Amino acid sequence: MTRGAARLEPASEEAIEKGARLLREGGLVAFPTETVYGLGADAASAAAVAKIYAAKGRPSFNPLIAHVADLDAARREAELPAAALRLAEAFWPGPLTLVAPRAAGGSVCEAARAGLASVALRVPSAPVARALILAAGRPIAAPSANRSGHVSPVTARHVLEDLGERVDLVIDGGRADKGVESTIVSVLGERPRLLRPGALTREALEEILRAPLEAGEGGAGEGGAAAIVAPGMTASHYAPRARLRLEADELRLGEAGLDFGGCFGAREGRGPILDLSPAADLEEAAANLFLYLRELDARGAALVAVAPIPARGLGEAINDRLRRAAAPK
Ligand code: TXA
Ligand code: MG
């Protein structure tokens, strides 16, 4: 494997073959999923997984999601209780991650699990991700392909901006269409718990479970117990350089705007305004969220007023990411 400048290749059969070979050799390959770009390594290899932690500057106590090809592969890695199987059947492939007890003989290494007895599993639906997992022929550990604590990448260019030559190959599959990460549900306890709101809505999950989802211990992201249950859900995360002022109903002097549904209107003499969704569509807003946070940074915005986003549906994940992006660093 060569070191040096990361190679960016458009998604193609050859790029996927090359990516799979690099993964089998212990390299790092960034690839698009339907949620955000992932930074992949062979989930069974402690040495390969160590490169993920090093490239991201990620603390080694924060476990990774293993990406698998299908439910059968997931069942080789984890003991999936009935509720997990119902969710998997309804939503895999797709933006759902299940945290379950690891199976005896599972291949996901201890470093990828950060030493936990549980394992996080997801079957992505994006064709490039699926093809890469199949070609590699093994589970792929992949966090979002950003520097630890930064905004998640939704384009190949974002990956290069954050990780550059720390990656052996970036497969460019265009924009990740959902734009926020997978929803993480723990099935470790008696009832399923929502550890991280994400691209799959609570409403959709609860419809299948026919019961309300329990909250992640301590409230995801408020530190405390959540810091143990989902170690990555620290208060400050997804952070742009700009300071965000949430639930703003107007722009103050000197502020740039992250709008929703045209609430700020156009104002002379104010900073740039990017509207997550002029039509107030939450799917569109989720897809634009990380892109626009990076764009506002690129335009040098220091203070950003963020319009209120409804809490329903994808709004839960959007508001979660915005709160973390606004938290003191
Ligand atoms: O959409 C996504 O989920 C993307 C794409 C690439 O698949 N991945 C992603 O990974 O967002 P990452 O590493 O940025 O976030 C994974 C989260 C972290 O907060 C981590 O703490 C949590 O999953 N996690 C992983 N394994 C866990 C486990 N065994 N128990 C509790 N939380 C776990
Ligand atoms: Mg991440």
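Both counts, for ligands and for their atoms, begin at 1 and track the order of listing. Predicted model only: the values in this text are computed from it and were never measured.
Partner of Asp162 under the salt bridge (charged side-chain N to carboxylate O under 4.0 Å, His left out) criterion, out of Arg147, Lys56, Arg294: Arg294 alone.
Taking the side chain as every heavy atom from C-beta outward, Glu181 and Pro95 never approach each other to under 4.5 Å. The side-chain heavy atoms of Val128 and Ile171, taken from C-beta on, include a pair separated by under 4.5 Å. Between Arg243 and Val304 there is no side-chain heavy-atom pair separated by less than 4.5 Å.
Residue Arg113 places every heavy atom at 4.0 Å or more from ligand 1.
One option in Glu34, Glu181, Arg196, Arg102 has a heavy atom closer to atom 15 (O) of ligand 1 than any other, and that option is Arg196.
The proximity of Arg58 to ligand 1, defined as any non-hydrogen pair under 4.0 Å, is limited to the side chain.
Residue Glu161 places its CD atom among more than 12 non-hydrogen atoms of other residues, nucleotides or ligands, all under 6.0 Å distant.
Numbered from 1 in the order shown, with element, the atoms of ligand 1 that lie under 4.0 Å from a heavy atom of Asn62 read 18 (C), 20 (C), 21 (O). Shown in contact with Gly38 at under 4.0 Å from a heavy atom are these atoms of ligand 1, numbered in order with element: 6 (C). Distances below 4.0 Å separate heavy atoms of Ala120 from the following atoms of ligand 1: 25 (C), 26 (N), 27 (C). Close contacts of ligand 1 with Ile65, meaning ligand atoms under 4.0 Å from a residue heavy atom, involve 3 (O), 8 (N), 9 (C), 10 (O), 16 (C). If you number the atoms of ligand 1 from 1 as listed, the ones under 4.0 Å from a heavy atom of His67 come out as 5 (C), 6 (C), 7 (O). Atoms of ligand 1 found under 4.0 Å from any heavy atom of Ser144 (numbered from 1 in listed order, with element): 8 (N), 9 (C), 10 (O), 12 (P), 14 (O). The Leu116 neighbourhood of ligand 1 comprises atoms 28 (C), 29 (N), 30 (N), with distances under 4.0 Å to a heavy atom of that residue. Interface of Ser118 with ligand 1, defined as ligand atoms under 4.0 Å from a residue heavy atom, comprises 28 (C), 29 (N), 30 (N).
Under 4.0 Å is where a charged nitrogen must lie from a carboxylate oxygen, and between Arg122 and Glu34 at least one such pair does. A salt bridge links Glu214 with Arg191; the closest basic N to acidic carboxylate O contact falls under 4.0 Å. Between Glu295 and Arg299 there is a salt bridge, since a side-chain N of the basic residue sits under 4.0 Å from a carboxylate O of the acidic one. Note on Arg7 versus Asp168: no salt bridge recorded, every NZ/NE/NH1/NH2 to OD/OE distance being 4.0 Å or above.
For ligand 1, the polar-atom distance check finds no N/O of Thr33 at less than 3.5 Å from any of the ligand's N/O atoms. Checking only distances, Lys56 never comes within under 3.5 Å of ligand 1, N or O to N or O.
The nearest N, O or S atom of Ser144 is closer to the Mg ion (ligand 2) than 2.8 Å.
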